[in-house]
Amino acid sequence: MEQGGDEGMDVGRPTGRSAARVPAVVVVEAYTELARRVLAGPARLGRTRLVAVDGPSGAGKSRFAAHLADALAALPGGRPPVVHTDDLLDGWDDQLTFWPRLDADVLAPLRRRQPGAYRRYSWVRRCFLPRPVPVPMTPVLIVEGVSAARAVVRPELTLAVFVTAPAPLRLTRAVQRDGPEILPELRRWHAGELAHFAADDTAARADLVVDGAPTLPLDASRYYVRVR
């Protein structure tokens, strides 16, 4: 499959035995085109276009956020800051209750058209580090992590992205990244995020649902696969 331009590409269902293993149509889109769409969208958080990259752990959210930030870096306004919600959690038990910290330190100042800052949590030291991480006022801010596109922030989002991948692969990715000793906490985490996504209806309300484990031969730094 050639990828010569930045437009989305529909890939139809193949014939033969592999037909049952792929969807009827998948859409390959370019990060550069998505970046242009974001910049053309309305700023709903003060002067900032807020992009939320949500989805279950291990789905590929951080990678998607980084590639979108790379694409935005080449456009007017420069590379946007990326805030990872994992950096705001006060340990494993703060899976969903961290939000007031994010709102007070990052979103509220930008809402007032002022720069924000937050303290990053160290999972090694198990405490928040003293040095604040600045969040400047920029045309775009990307917030990445579980529950980043939750209902309370949707009115202020320019774009809500939900990244998905098969559960066994997500578990394997997480264990490879953090080690098998996290499995007990990870299983509890997975149960919590599933309950949240069901109650929040996150995927159905997202503007863009992305396959975080595409099998198509593509340049993953430039293109992503849209599921919906």
Side-chain angles (χ1 to χ4, degrees), residues 11 13-14 17-29 31 34 51-68 82-99 102 121 123 142-154 157 159-221 223-228:
V11 181
R13 181 189 295 276
R17 294 182 180 178
S18 63
R21 296 197 298 270
V22 298
V25 173
V26 295
V27 180
V28 178
E29 296 183 334
Y31 283 104
L34 182 61
V51 176
V53 182
D54 207 331
S57 59
K61 300 183 299 299
S62 297
R63 185 165 52 249
F64 183 93
H67 291 325
L68 178 56
V82 179
V83 174
H84 303 280
T85 63
D86 281 359
D87 289 342
L88 289 145
L89 306 185
D90 191 2
W92 286 100
D93 292 332
D94 199 21
Q95 181 180 19
L96 299 170
T97 49
F98 71 90
W99 194 266
L102 172 65
Y121 184 81
W123 289 83
I142 300 174
V143 176
E144 174 275 322
V146 175
S147 81
R150 62 175 65 189
V152 69
V153 78
R154 283 177 196 143
L157 292 178
L159 179 71
V161 181
F162 192 87
V163 184
T164 186
L169 175 60
R170 293 191 291 102
L171 183 65
T172 298
R173 285 175 173 175
V175 171
Q176 288 177 342
R177 181 186 61 203
D178 298 321
E181 63 274 7
I182 72 163
L183 269 173
E185 294 286 7
L186 189 61
R187 295 189 189 281
R188 187 164 62 92
W189 180 280
H190 283 179
E193 66 187 14
L194 284 174
H196 165 74
F197 292 142
D200 188 73
D201 202 21
T202 316
R205 295 180 180 275
D207 301 304
L208 176 66
V209 179
V210 171
D211 183 354
T215 57
L216 291 173
L218 51 78
D219 182 348
S221 67
Y223 299 93
Y224 62 90
V225 174
R226 175 166 60 85
V227 178
R228 178 179 62 75

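These values consider heavy atoms only, across backbone and side chains, with no hydrogens, waters or symmetry-generated copies. Please read all numbers here as calculations on a predicted model, not as lab measurements.
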Please give me the minimum heavy-atom distance between [X] and [Y], naming the atom from each residue.
X      : Y      : result
Val163 : Gly212 : CG1-CA, 3.8 Å
Trp99  : Val152 : NE1-CG1, 3.6 Å
Gly55  : Phe162 : CA-CE1, 3.6 Å
Ala149 : Ala160 : CB-CB, 4.2 Å
Ala65  : Val82  : CB-CG1, 4.2 Å
Arg170 : Ala165 : NE-O, 3.1 Å

Measuring from atom [atom1] of [X] to atom [atom2] of [Y], what distance do you get when rounded to the nearest 0.5 angstrom?
X      : Y      : atom1 : atom2 : answer
Arg226 : Asp211 : CZ    : CG    : 12.5 Å
Ile182 : Trp123 : CD1   : CH2   : 9.5 Å
Leu218 : Tyr224 : CG    : OH    : 12.0 Å
Thr85  : Leu102 : OG1   : CG    : 8.0 Å
Asp94  : Leu88  : CG    : CG    : 9.0 Å
Arg188 : Leu183 : CZ    : CG    : 13.5 Å

**Request:** Evaluate the criterion side chain to side chain contact (heavy atoms under 4.5 Å, CB included) for residue pair Val210 and Glu29; output intermediate values, then yes/no.
**Result:** CA-CA 10 Å; Val210 171; Glu29 296 183 334; over 6 Å; no
**Asked** In terms of heavy-atom contacts, does CZ of Arg205 have more than 12 from other residues, nucleotides or ligands at under 6.0 Å?
**Response** no
**Request:** Kindly indicate, with the supporting measurements, whether the criterion side chain to side chain contact (heavy atoms under 4.5 Å, CB included) is fulfilled by Asp54 and Phe197.
**Result:** CA-CA 10 Å; Asp54 207 331; Phe197 292 142; 3.3 Å; yes
**Flag, side chain of Gln95 to backbone of Trp189, donor-acceptor distance under 3.5 Å** = yes
**Request:** Look at the side chain of Arg173 and the backbone N and O of Gly58, then say whether any donor-acceptor pair between them is shorter than 3.5 Å.
**Result:** yes
**Test item: Leu159 and Leu34 side chains (from C-beta on) under 4.5 Å apart, heavy atoms** = yes
**Item:** For Pro56, the option from Glu193, His190, Lys61 that meets side chain to side chain contact (heavy atoms under 4.5 Å, CB included)
**Value:** Glu193
**Prompt:** Under the side chain to side chain contact (heavy atoms under 4.5 Å, CB included) criterion, do Asp86 and Glu144 qualify, and how do the steps go?
**Reply:** CA-CA 9 Å; Asp86 281 359; Glu144 174 275 322; over 6 Å; no
**Item:** Validation row, ring centre Phe98 to ring centre Tyr121 under 6.0 Å
**Value:** no
**Message:** Looking at Asp200 and Arg154, is any side-chain nitrogen of the basic one under 4.0 Å from a carboxylate oxygen of the acidic one?
**Reply:** yes
